[in-house]
Amino acid sequence: MVQIPKTPRSVPTSADVARLAGVSRATVSYVLNNTSAVRISEPTRRRVHEAARELGYVPHAAARSLRAGHSRMVLMPAPAFPVGPLYSRFIRELQSALGRLDYTVVQYGSVGLHGDEAARAWAELRPVAVLVPGSGLGPQGVTVLKRSGARVVVTVGPECVEGAHALQMDHSAVGFAAARHLYERGRRRIGVVVPAEDGLEAFSVPRLDGVRRALTGTDATVTELPLGYDEGAAARLAADWRARGLDAVFAYNDEYAMLLMSALQDVGVAVPEETAVVGADDLMLGRLLRPRLSTVHIELPSGRDLAELVDRAVRDPAAAPETRKVLGASVVHRDSS
């Protein structure tokens with residue numbers, strides 16, 4: 001018996017949606033592209049959306065980009081550094097806010113590519129905006145992206161780059177806040193954990209500098225403590241802790257603080273009686289420890305604010321780039337210090 005193949009169902013078009021909804025194709029375009037310049041009544045919007053759902057109609061992104069003169073894609077290269085809970089929460093909030101503004105967020109894994117070389121790879125996708133975490137992008141990379149159609153480039157990190165908007169995060173403020181807290185509580189021999197993980201130097205070096213700046217001109221000493229993020233490394237550091245003569249430690253962040261505090265307690269070092277411990281990021285897990293972990297609460301920009309910056313810049317690409325200093329730091333004192 002010969003099987004006769006079924007004729008594939010035709011792909012629905014905007015004209016089909018218009019006929020079913022009883023409106024013009026232009027109205028369908030205005031509604032589905034969320035055009036704010038044209039006023040469409042709410043009942044009409046509902047009819048169009050219901051017709052599109054019933055037909056399974058999905059707007060063609062490339063065609064929409066041609067009509068608008070640009071895409072709605074916001075490219076977010078994957079950071080080259082290990083991402084913690086605080087940064088992950090910020091990214092989720094940003095993606096949600098951009099989605100509400102009708103942008104499509106695409107995360108790009110550019111393993112092995114750096115700086116301006118990575119920018120050329122990003123440019124191939126023709127995004128309307130690029131949000132670059134960390135450092136490494138230079139003015140040439142910004143130029144490549146803009147020539148490929150990107151209306152806005154935003155760097156999120158410690159440096160400003162010519163031609164790009166910048167959310168400047170000064171992580172020395174985190175170390176400064178931790179050191180002042182420990183000094184004010186009578187600690188004078190302060191260790192500072194410097195993570196051995198690749199990619200964290202952009203955060204750890206400024207935090208160490210912030211500690212040194214806070215204690216300049218005082219009778220306190222600062223000891224740098226390289227530490228890998230594993231129990232063995234923490235145990236080796238804790239084994240000769242008393243020989244180091246330290247009475248406090250700023251442990252870079254809460255995760256390193258929990259790792260080191262556990263190792264110190266394993267060898268009988270009392271926290272905070274012998275050694276005060278301060279982390280950073282104010283993670284919930286730190287509040288569940290005993291003693292509860294003192295920490296530096298870091299105030300990041302809201303995802304909504306950054307999304308609105310992107311939207312403004314897309315609408316007015318000729319506007320001068322903005323630079324905002326956006327990182328706030330304050331100590332939350334708990335039992336460990």
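Of the possible donor and acceptor atoms, one in the side chain of Arg187 sits under 3.5 Å from a partner among the backbone N and O of Asp247. Side-chain atoms of Arg207 never come within 3.5 Å of backbone atoms of Val174 as a donor-acceptor pair (strictly under, hydrogens ignored). Here the side chain of Arg72 pairs a donor or acceptor atom with the backbone of Asp102 at under 3.5 angstrom. Between the side chain of Thr216 and the backbone N or O of Arg212 there is at least one donor-acceptor pair closer than 3.5 Å. Between the side chain of Asp281 and the backbone N or O of Leu283 there is no donor-acceptor pair closer than 3.5 Å. Judged by distance alone, with hydrogens and angles left aside, the side-chain atoms of Gln168 form a donor-acceptor pair with the main-chain N or O of Pro158 at under 3.5 Å. The closest donor-acceptor contact from the side chain of Glu93 to the backbone of Gly303 lies under 3.5 Å. Using a distance-only test at 3.5 Å, with no hydrogens or angles considered, no donor-acceptor pair links the side chain of Ser14 to the main chain of Arg25. With hydrogens and angles ignored, the 3.5 Å screen pairs a side-chain donor or acceptor of Arg180 with a backbone N or O of Ala214. A donor-acceptor pair under 3.5 Å is absent between the side-chain atoms of Arg292 and the main chain of Gly286, judged by distance alone.
Residues Ala166 and Cys160 come closest through the heavy atom pair CB-SG, 4.0 Å. Taking all atoms of both residues into account, the shortest heavy-atom contact from Tyr183 to Arg188 is O-NH1, 2.9 Å. Smallest separation of non-hydrogen atoms from Ala263 and Ala234: CB-O, 3.6 Å. In terms of heavy atoms, Ala119 sits closest to Val144 at O-CG1, 4.4 Å. Here the closest non-hydrogen pair linking Glu201 and Asp198 is OE2-CA, 4.0 Å. A pairwise comparison of heavy atoms in Ser204 and Pro195 identifies CB-CD, 3.6 Å as the closest pair.
Sparse packing is recorded around CD of Gln140, with 12 or fewer heavy atoms of other residues, nucleotides or ligands lying under 6.0 Å away. Counted within 6.0 Å of CD on Glu162, heavy atoms from surrounding residues, nucleotides or ligands total 12 or fewer; the atom is thus considered open. With a 6.0 Å radius and a threshold of 12 heavy atoms from other residues, nucleotides or ligands, Arg304 has its CZ atom at or below the threshold. For CD of Glu231, the number of neighbouring non-hydrogen atoms (other residues, nucleotides, ligands) closer than 6.0 Å is 12 at most. Arg290 CZ: more than 12 foreign heavy atoms inside a 6.0 Å radius.
Using a 3.5 Å distance cut-off with no hydrogens or angles, the side chains of Ser337 and His181 do pair a donor with an acceptor. A side-chain N or O of Thr295 and one of Asp254 form a donor-acceptor pair less than 3.5 Å apart. For the residue pair Ser96 / Arg100, a side-chain donor-acceptor distance below 3.5 Å is found, with atom types taken as modelled. Arg244 and Thr223 share no donor-acceptor pair across their side chains, judged by distance under 3.5 Å alone.
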side-chain contact (heavy atoms from CB on, under 4.5 Å) between Val249 and Trp241: does it pass, once the steps are laid out?
-> CA-CA 11 Å; Val249 59; Trp241 191 263; 4.0 Å; yes

Might you work through the side-chain contact (heavy atoms from CB on, under 4.5 Å) test for Val205 and Leu208, ending with a clear yes or no?
-> CA-CA 5 Å; Val205 171; Leu208 176 60; 5.8 Å; no

Please step through side-chain contact (heavy atoms from CB on, under 4.5 Å) for the pair Met258 and Met261, ending with a clear verdict.
-> CA-CA 5 Å; Met258 290 185 276; Met261 192 163 81; 5.8 Å; no

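Once rounded to the nearest 0.5 Å, the distance linking CD1 of Ile91 with CE of Met76 reads 3.5 Å. To the nearest 0.5 Å, atom CG of residue Leu32 and atom OH of residue Tyr57 are 6.5 Å apart. In this structure, the separation between CD1 on Ile190 and CG on Leu246 is 9.5 Å, given to the nearest 0.5 Å. Arg242 CZ to Leu264 CG: the interatomic distance, rounded to the nearest 0.5 Å, is 9.0 Å. With rounding to the nearest 0.5 Å, the separation of CG in Leu215 from CZ in Phe176 is 8.5 Å.
Contact annotation: the side chain of Leu145 never approaches that of Leu75 to less than 4.5 Å [non-hydrogen atoms, C-beta and beyond].
If you chain together hydrophobic residues whose side chains sit under 4.5 Å apart, Leu288 and Val332 never meet in one group.
Among the candidates Arg324, Glu322, Lys325, the single residue satisfying the side chain to side chain contact (heavy atoms under 4.5 Å, CB included) test with Leu167 is Arg324. Under the side chain to side chain contact (heavy atoms under 4.5 Å, CB included) rule, Arg334 has a single partner from Val278, Leu289, Asp282, Leu293, which is Asp282.
Using bins of under 30°, 30° to 60° and over 60° for the plane-to-plane angle, the ring pair His171/Phe203 lands in the perpendicular bin.
Contact check on Arg312 versus Asp316 returns no salt bridge, with no Lys/Arg side-chain nitrogen under 4.0 Å from an Asp/Glu carboxylate oxygen.
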